[in-house]
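Accompanying notes for the structure given below.
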Amino acid sequence: MTSVRLPLFPLNSVLFPGLVLPLNVFEARYRAMMRDLAARPEDDRRFGVIAIRDGHEVAPTAHGMPDAARPADEGPTAGFGDDPMRAFHPVGCIADAATIRAKSSADDSGYEVLATGTRRFRLLSVDASGPYLTGEAVELEEGEGAGAGALAAGVVRAFRTYQKRLAWANERTLSTGQDLPADPAVLSYLVAAAAVLDIPAKQRLLEAADTAARLTQELKLLRQESALLGKLPSLPAVNLTRQPTSPN
């Protein structure tokens, strides 16, 4: 397999192929990354989004968020320890930055970025010698696996039940008529992103060997979550098309 070198953007969330990722970029290391990406042709603005296993999305302050009153360590490894490879999950998602907009033309105050997940990758190594982390990675193929079509039909039914119970738990009216994708792989990623799950569970879905394996996991999880929702008074609402804006 041929490896690729990607700028790395670690997050406290999991990005899936096909999902939109808005970013609010303010740290020096990520500003430098976006400056470099913006200088590239529009069809070559790829970077790797990798979920953090152990560390901080932003350089830590007293409250874990940027604080103008005290200087933050903004080196490329800030928040990730001496060995960033150990701080990240092994599989991430390549993001294509469709929009990189500077917040101000007068100074380098940050960027508003809109990116879309494209393909999964496996991280082989991390390089911290530059202003931001880069990684050597191999892109992962998405095989369909046995029985993906039948599993997809089951996941659609289970997801509809899950949506209804989630709407009930949040005292919201379920919006009807929203079509789910027919392609099993696209469906598997949409459901993985939309379900209210913790990072380890979402990461396991991202790392699934193929579409059928991911749908099998989702069918089990959706049934479990639907049963749980029937017993709990409320759970956080979920947005089906976008990831949360990351304050980086």
Side-chain angles (χ1 to χ4, degrees), residues 10-21 49-55 57 87-93 117 119-123 140-246:
L11 289 177
N12 286 313
S13 61
V14 179
L15 178 64
F16 294 94
L19 273 293
V20 174
L21 176 69
V49 173
I50 195 89
I52 299 168
R53 176 162 45 195
D54 181 20
E57 184 172 300
F88 305 143
H89 284 281
V91 174
C93 183
R119 297 189 65 176
R120 300 179 304 154
F121 68 87
R122 181 172 296 278
L123 188 62
L140 299 177
E141 299 292 335
E142 179 70 23
E144 184 170 280
L151 286 165
V155 167
V156 168
R157 291 191 295 271
F159 186 63
R160 290 300 189 198
T161 300
Y162 173 78
Q163 282 183 301
K164 291 176 183 177
R165 295 199 176 179
L166 187 65
W168 174 83
N170 286 282
E171 299 180 349
R172 296 164 64 96
T173 301
L174 179 66
S175 176
T176 59
Q178 183 179 22
D179 292 331
L180 291 172
D183 182 278
V186 177
L187 173 71
S188 74
Y189 286 130
L190 176 63
V191 170
V196 180
L197 302 169
D198 60 18
I199 290 178
K202 285 182 178 284
Q203 184 66 32
R204 286 191 292 271
L205 292 175
L206 182 69
E207 294 181 18
D210 52 41
T211 298
R214 186 176 304 107
L215 290 168
T216 298
Q217 290 185 49
E218 289 171 348
L219 194 56
K220 180 179 179 180
L221 285 168
L222 289 170
R223 288 169 175 170
Q224 291 174 342
E225 293 297 310
S226 292
L228 180 62
L229 283 167
K231 299 177 182 179
L232 296 180
S234 64
L235 279 179
V238 66
N239 188 312
L240 297 183
T241 58
R242 298 174 70 90
Q243 299 277 54
T245 299
S246 175

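Keep in mind it's a predicted model, so treat the numbers as computed, not measured.
No side-chain heavy atom of T216 sits under 4.5 Å from any side-chain heavy atom of K220. Side-chain contact between L123 and P90: absent, with no pair of heavy atoms (C-beta onward) separated by less than 4.5 Å. A 4.5 Å side-chain heavy-atom check between T161 and L222 finds every atom pair outside the cut-off. Taking the side chain as every heavy atom from C-beta outward, Y162 and E218 never approach each other to under 4.5 Å. Proximity of R120 to L206: side-chain heavy atoms (C-beta onward) are separated by under 4.5 Å at one or more points. Using a 4.5 Å cut-off on side-chain heavy atoms (C-beta onward), S226 and K164 make no contact. Side-chain contact between L197 and L205: present, with at least one pair of heavy atoms (C-beta onward) separated by less than 4.5 Å. Here the side chains of F16 and V191 are not in contact, with every heavy-atom distance at 4.5 Å or above.
Enclosure of atom CZ in R119 by more than 12 non-hydrogen atoms of other residues, nucleotides or ligands within 6.0 angstrom is indicated.
Side-chain contact, Q217 with R214: no donor N or O sits under 3.5 Å from an acceptor N or O.
Residue D210 comes nearest to E142 through the heavy atom pair C-OE2, 3.8 Å, listed as atom of the first residue, atom of the second, then distance. Heavy-atom minimum distance, C93 versus P17: SG-N, 3.6 Å. Closest heavy-atom contact between L151 and A146: CD1-O, 4.2 Å. Contact record, I199 with A51: CG2-CB, 4.4 Å, taken as the closest heavy-atom pair. The minimum heavy-atom distance between P181 and L190, with the atom names listed, is CD-CD2, 3.6 Å. Summarising the geometry of L219 relative to G154, their closest heavy-atom pair is CD1-O, 3.5 Å, with the distance given to 0.1 Å.
Atoms CD and CG, from Q203 and D198 in turn, are 11.0 Å apart once rounded to the nearest 0.5 Å. Taken from CD1 in I52 to CG in L11, the straight-line distance is 6.5 Å, to the nearest 0.5 Å.
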